[in-house]
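Below is one structure, written out as structure tokens, with a few remarks after it.
Throughout, a chain's letter reflects where its sequence line sits, starting with A, and its residues are numbered from 1.
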Amino acid sequence: MNRDTFETKLFRVLRWVVLAGLALATLFPFYYMIMLSVRPIEDLLRDPGALWVSISQWTTATYEEVLSSEDSGGQGMLGLLANSALVSVGTVLLTLLVSIPGAYAVTRLRFAGHRQVHFLFLAVYLFPAILLAVPLFVLFTKLGLRDSLVGLTIVYVAQTIPVSIYMLRNYLTTIPESVEEAAAIDGCTRRQVLTRVTMPLAAPAIMANALYVFMIAWNEFLFALLFLVADREKWTVSLGLAQLSGGIEVPKTVLMAGSVVLTIPIVLLFYAAERMLTEGLTSGADKG
Amino acid sequence: MKTVKGTLRQQENRAGLAMISPTLLVVLAVVVLPILWTVVLAFQRIRLINVRDTGLFERYTLQNFVTVFGSPGFWSSVGTTLVYAIGGTVLALLLGLAAALALRKPFRGRGFLRGAMLLPYVAPVVAVAFVWEVMLSPQYGIVNEWGARLFGWDRPIAFLTQRETTISLLGLDIPIPVALLTVIVFEGWRYFPFAFLFLLARLQAIPGELEEAAKVDGATPTQRFRHVVLPQLAGVIALLAMLRFVMNFTKFDDVYLLTGGGAGTDVASVRVYDFITARFDVGAASAQALALAAVLLVFLAVYLKFFAPKPEDKS
């Protein structure tokens with residue numbers, strides 16, 4: 001057997017080993033999360049190594065405890081879910097409102113300083129959240145915005161704008177300029193060109209971008225922790241769950257139920273739009 | 001008829017500025033100005049209690065930097081941060097590359113697997129950090145349970161709370177930083193999908209003739225990878241390495257949620273958080289953040305000088 005056939009055979013096998021290993025590594029934690037969330041806690045302590053729990057043993061008490069309000073002895077996650085939804089949707093709407101014209105200007109219009117603007121967005125994208133945490137914490141304390149969902153939303157908008165502009169710009173460059181010029185010749189003003197021609201054409205990219213921004217806002221933890229920790233009413237789900245694990249003794253199975261509740265909306269959204277999302281993110285990457 | 005104001009060129013300039021200004025306003029107000037303010041804060045003695053009455057014209061001092069550099073464990077935390085950032089980056093890139101190569105050619109179930117590979121990246125960090133915590137728990141964790149069953153571990157490993165263990169290999173006692181390795185593996189696991197996505201996109205854009213030609217010339221699979229595929233990926237790999245390094249270097253939530261910065265995982269960003277929430281020392285927190293940013297700038301400058309695609313190559 002020469003080297004070529006040996007390598008070809010080796011990699012044919014190795015490829016499946018890699019695939020199986022990666023599939024296990026990525027899927028198992030999520031399977032484990034769901035399995036634990038329906039397991040009675042005594043059952044987990046008796047046999048921690050079980051890979052399967054028979055359906056007759058399943059319990060929904062964990063979900064009841066996590067979701068029901070604090071007054072009725074639960075953890076009140078439903079209210080926190082509403083907070084997260086509010087902040088995330090607000091972030092998406094505001095980010096799109098601001099970044100669609102921004103992306104259009106960056107792609108199509110030559111204005112004074114457009115190169116510098118491009119560099120600024122790159123810098124903002126690379127600038128780590130933890131460095132912004134200190135001054136924003138102080139600033140929002142001074143302004144009295146610290147314990148508010150509005151303040152949090154403003155921070156998220158600023159954090160998601162660079163990615164949003166990047167994604168939209170990548171897409172807008174693929175729309176031929178001649179389409180817009182034709183509309184302009186037919187008498188559209190620049191605003192009409194944007195709202196009647198460009199935006200409908202860019203609708204898939206805008207959707208993908210909206211989902212990505214939603215994901216970032218929904219998953220965010222650091223700023224929620226810094227800004228909202230004092231006021232339980234305003235916690236997001238991520239923060240609520242983190243506080244749950246650190247506070248009074250809560251069974252791990254209840255924590256897992258909370259994690260499932262936190263994860264499900266994102267995973268559903270992600271699968272609904274996977275292709276759009278991955279294309280939106282990586283378009284431009286293949287140019288090397 | 002409406003009077004035309006200025007030339008077309010001037011109109012375009014005005015429209016551009018008008019459309020970009022909301023974006024600029026938000027970025028200036030919530031990103032640029034706060035960064036500048038961090039620099040000011042780092043040179044003032046400010047605590048959270050007196051923050052309301054302090055302004056720009058407070059006395060400037062180097063005291064915060066003395067506090068930060070002199071605080072116990074500062075230099076070791078610099079080392080920890082570097083090891084964490086580099087380890088997490090390398091692991092994420094290697095896993096991402098392996099995944100991209102394995103999923104390159106179509107097969108049944110590829111779409112499903114591709115979606116599965118992205119799960120760690122899209123799932124909320126709090127949720128996945130908890131699952132790992134529970135899986136790795138010494139009391140009821142499934143990893144320790146199966147470790148005992150399959151590999152005969154005589155006692156459970158406290159993956160997230162044990163600073164160090166030594167293993168004897170060929171008569172040598174090698175110290176292993178357990179908790180730090182665990183958070184690095186977590187980081188690699190959580191971010192390999194990001195590398196995977198970009199590498200896969202790049203792989204699929206490589207024209208097939210290139211490899212066909214190499215194959216005809218008698219190149220084996222490893223040779224084709226080494227001399228045809230890898231050079232094509234070099235640009236994306238350099239970019240991903242830089243992005244991941246910068247992000248890992250200042251990562252907060254992953255480490256904070258898994259270990260709280262204990263057991264030898266006190267990365268720089270967790271220290272910033274501690275300065276502000278445990279000591280209410282805004283000045284020291286800013287100084288620590290600034291030190292972090294300074295190191296980051298050095299790495300960015302190196303990347304831009306040596307690895308970044310030159311502007312004229314850009315399409």
Heavy atoms only, distances under 4.5 angstrom: which of [options] has the most pairs with chain A? Name it, please.
options	answer
B:Leu233, B:Val131, B:Thr277, B:Val128	B:Val131
B:Val246, B:Val122, B:Val143	B:Val122
B:Val125, B:Ile35, B:Leu113	B:Ile35
B:Asn144, B:Asp253, B:Leu296	B:Asp253
B:Gly16, B:Ala148, B:Pro193	B:Gly16

[atom1]/[X] to [atom2]/[Y] distance, rounded to the nearest 0.5 angstrom?
X	Y	atom1	atom2	result
A:Leu36	B:Met135	CG	CE	10.5 Å
A:Phe11	B:Leu101	CZ	CG	9.0 Å
B:Arg110	A:Leu19	CZ	CG	10.5 Å
B:Phe130	A:Leu244	CZ	CG	7.5 Å
B:Leu24	A:Phe121	CG	CZ	5.5 Å
B:Leu118	A:Tyr271	CG	OH	7.5 Å

Among [options], which residue has the highest count of heavy-atom pairs closer than 4.5 Å to chain B?
options	value
A:Ile154, A:Leu10, A:Asp4, A:Leu239	A:Asp4
A:Trp16, A:Phe127, A:Tyr212	A:Phe127
A:Ile266, A:Leu94, A:Leu132	A:Leu132
A:Ile100, A:Val155, A:Asp47, A:Leu225	A:Leu225

Residue [X] versus chain B: region with a heavy atom under 4.5 Å:
X	result
A:Arg190	side chain
A:Ile216	neither
A:Leu120	side chain
A:Leu241	both

Side-chain touch [X]/[Y], heavy atoms, less than 4.5 angstrom:
X	Y	result
B:Leu243	A:Tyr125	yes
A:Glu7	B:Arg224	no
B:Thr23	A:Ile165	yes
B:Gln288	A:Val134	no
A:Leu194	B:Met19	yes

(request) Anything under 30° is parallel, anything over 60° is perpendicular, the rest tilted; go ahead and classify A:Phe221 against B:Phe252. (result)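 Judged by the thresholds at 30° and 60°, the geometry between A:Phe221 and B:Phe252 is parallel.
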(message) The test is side chain to side chain contact (heavy atoms under 4.5 Å, CB included); show your working for B:Val26 and A:Ile161 and say whether it passes.
(response) CA-CA 9 Å; B:Val26 177; A:Ile161 276 182; 4.1 Å; yes
(message) Are there over 12 heavy-atom neighbours, none belonging to A:Arg115, within less than 6.0 Å of that residue's CZ?
(response)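 No - once you tally the heavy atoms of other residues, nucleotides and ligands closer than 6.0 Å, there are 12 at most.
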(message) Counting only heavy atoms from other residues, nucleotides and ligands, does the tally under 6.0 Å from CZ of A:Arg191 exceed 12?
(response)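 Counting other residues, nucleotides and ligands, CZ of A:Arg191 stays at 12 neighbours or fewer.
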(message) Does B:Ile142 form a side chain to side chain contact (heavy atoms under 4.5 Å, CB included) with A:Phe28? I'd like the steps, not just the answer.
(response) CA-CA 11 Å; B:Ile142 193 157; A:Phe28 183 75; 3.9 Å; yes
(request) Return each pair, listed once, that meets side chain to side chain donor-acceptor pair (under 3.5 Å) where at least one residue sits in residues 94-112 of chain A; pairs must be two or more places apart or across chains. (result)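 Counting only pairs at least two positions apart or across chains, the side chain to side chain donor-acceptor pair (under 3.5 Å) contacts touching residues 94-112 of chain A are A:Thr95-A:Thr160, A:Ser99-A:Ser164, A:Tyr104-A:Glu180, A:Arg108-A:Glu180.
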(request) Among residues two or more places apart or on two chains, list those pairs meeting side chain to side chain donor-acceptor pair (under 3.5 Å) that have a residue in residues 22-35 of chain A. (result)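 Matches after skipping sequence neighbours: none remain.
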For [X] versus [Y], what's the shortest heavy-atom pair and its separation?
X	Y	value
A:Pro29	B:Trp189	CG-CZ2, 3.8 Å
A:Leu22	B:Ala99	CD1-CB, 3.4 Å
B:Asn13	A:Ala112	OD1-N, 2.7 Å
B:Thr38	A:Leu131	OG1-O, 4.0 Å
B:Ile20	A:Gly102	CD1-O, 3.5 Å
A:Asn219	B:Pro124	OD1-CG, 3.3 Å

(request) Dump the intermediate steps for side chain to side chain contact (heavy atoms under 4.5 Å, CB included) on B:Tyr273 and A:Leu226, then the final yes or no. (result) CA-CA 9 Å; B:Tyr273 174 80; A:Leu226 269 176; 4.1 Å; yes
